[in-house]
Amino acid sequence: VPLPGLTDQSNTHDLGKRVVKERRHRIRIKVLKISEEKLNEFRTTIVGDSLAQYGIPGITVRVHEAEIKQVETNGQGVAEFEFTNAGKNFSYELIPPENSEYIASSGELTNHESKEMTTYYFRMRKGATVSGRVTSNGEPVPGAKVWVMNGDNKRQVTADDDGRYTLRGIKAIGDSDNNSSAQKLSSSKNVRKTQNESRLPSGGKYYATIHCGAPDDNEEYANLLGKDTETAFDAFDGRATVDFDLDIFYKANISTLHGF
């Protein structure tokens, strides 16, 4: 049908180049080191690349959906995902490098299929740091394991040849601390409090239980008993020194075992 003024003599009209996009899940995650208060203050004025200066690179981002590979945030703290899925609720994990001061986080986001990227902002907090030396009878225990449980996430380091270690990214908990280590703009996930917070040492605002164990696959230290200690910090990202002197469990030397 001829369209006066729009078509030529052959009744055609060139619409130019058009890009057709499939509706898919297109998720852009930005991991930021900005404080929650500052982010809420700026969220109405800071847009696009203006937040790039606050991005945290090197964070492993996992969106739990079949056949989706994990992505590491780029220099601006951005990780992008594209996939097809009939669902809309997806669990995620934000995992910092092993020796990072930042605390790992996980949660759930709701996303709908779209033709353009949908951006979600997350902030990560730096945790507490503890350092010290592992010994037994005053002698260093090289290879000793020192760890902390941040919820379901385990942070572990290995002592050096002199028994010294530094453990970073500890999610310390205090009487008034009920916020997660990473805060999403639209929601938060509360930290589970321990049943006996009265054990918090006097003067300490935040605390964490630090565990220490013998080296793996080393018969010389096979009879060392593990220890744990509750450590206090004066701030959520505070520092403390914890030394361990592991005892020897002589009764573990079994020479004869009888069945019955």
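Since the structure is predicted, the reported quantities are computational estimates derived from the model, not experimental observations. The chain is numbered in sequence order, starting from 1.
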Check: Could you give the distance from NZ (K88) to CG (L109), rounded to the nearest 0.5 Å?
Finding: 12.5 Å
Margin query: Could you measure the distance from the OG atom of S136 to the CG atom of L246? Nearest 0.5 Å is fine.
Written below: 6.0 Å
Is it the case that [X] and [Y] place a side-chain donor and acceptor less than 3.5 Å from each other?
X	Y	result
N89	T110	yes
D234	Y206	no
K30	T119	no
R168	N99	yes
H64	E93	yes

Next item on the list: May I ask you to decide whether R125 forms a salt bridge with E101, counting only side-chain N to carboxylate O separations under 4.0 Å?
Entry: no
Taking all non-hydrogen atoms of both residues, which atom of [X] and which atom of [Y] are closest, and how far apart?
X	Y	result
V134	A144	CG1-CB, 3.7 Å
F81	K69	CE2-O, 3.6 Å
P140	Y221	O-OH, 3.9 Å
T231	V242	OG1-CG2, 3.3 Å
V71	A79	CG1-CB, 3.7 Å
N150	I103	ND2-CG2, 4.1 Å

Next item on the list: Step by step, work out the side-chain contact (heavy atoms from CB on, under 4.5 Å) result for T73 and V61.
Entry: CA-CA 7 Å; T73 56; V61 182; 3.8 Å; yes
Notebook entry, point to check: How is the hydrophobic cluster of M117 composed, in terms of its other members, when Ile, Leu, Val, Met, Phe, Trp and Tyr link through side-chain heavy atoms under 4.5 Å apart, directly or indirectly?
Noted result: none
Next item on the list: Would you confirm whether N74, through its side chain, and Q76, through its main-chain N or O, come within 3.5 Å as a donor-acceptor pair?
Entry: yes
Item checked: By ring pair (Phe, Tyr, Trp, His ring centres under 6.0 Å) - contacts of H25 (at least two apart) -> F83, F90
Notebook entry, point to check: For atom CG of D217, is the number of surrounding heavy atoms from other residues, nucleotides or ligands below 6.0 Å larger than 12?
Noted result: no
Next item on the list: Step through it carefully: locate the ring centre of Y92, locate the ring centre of Y120, and say whether they are under 6.0 Å apart.
Entry: no
Report yes if the side chains of [X] and [Y] come closer than 4.5 Å at any heavy-atom pair, otherwise no.
X	Y	answer
T158	P142	no
T129	T166	yes
Y165	F244	yes

Just jot down the salt bridge (Lys or Arg N to Asp or Glu O under 4.0 Å) partners of [X], sequence neighbours excluded, or say none.
X	answer
K227	D247
E82	R24, R26
E80	R28
D162	R133, R164

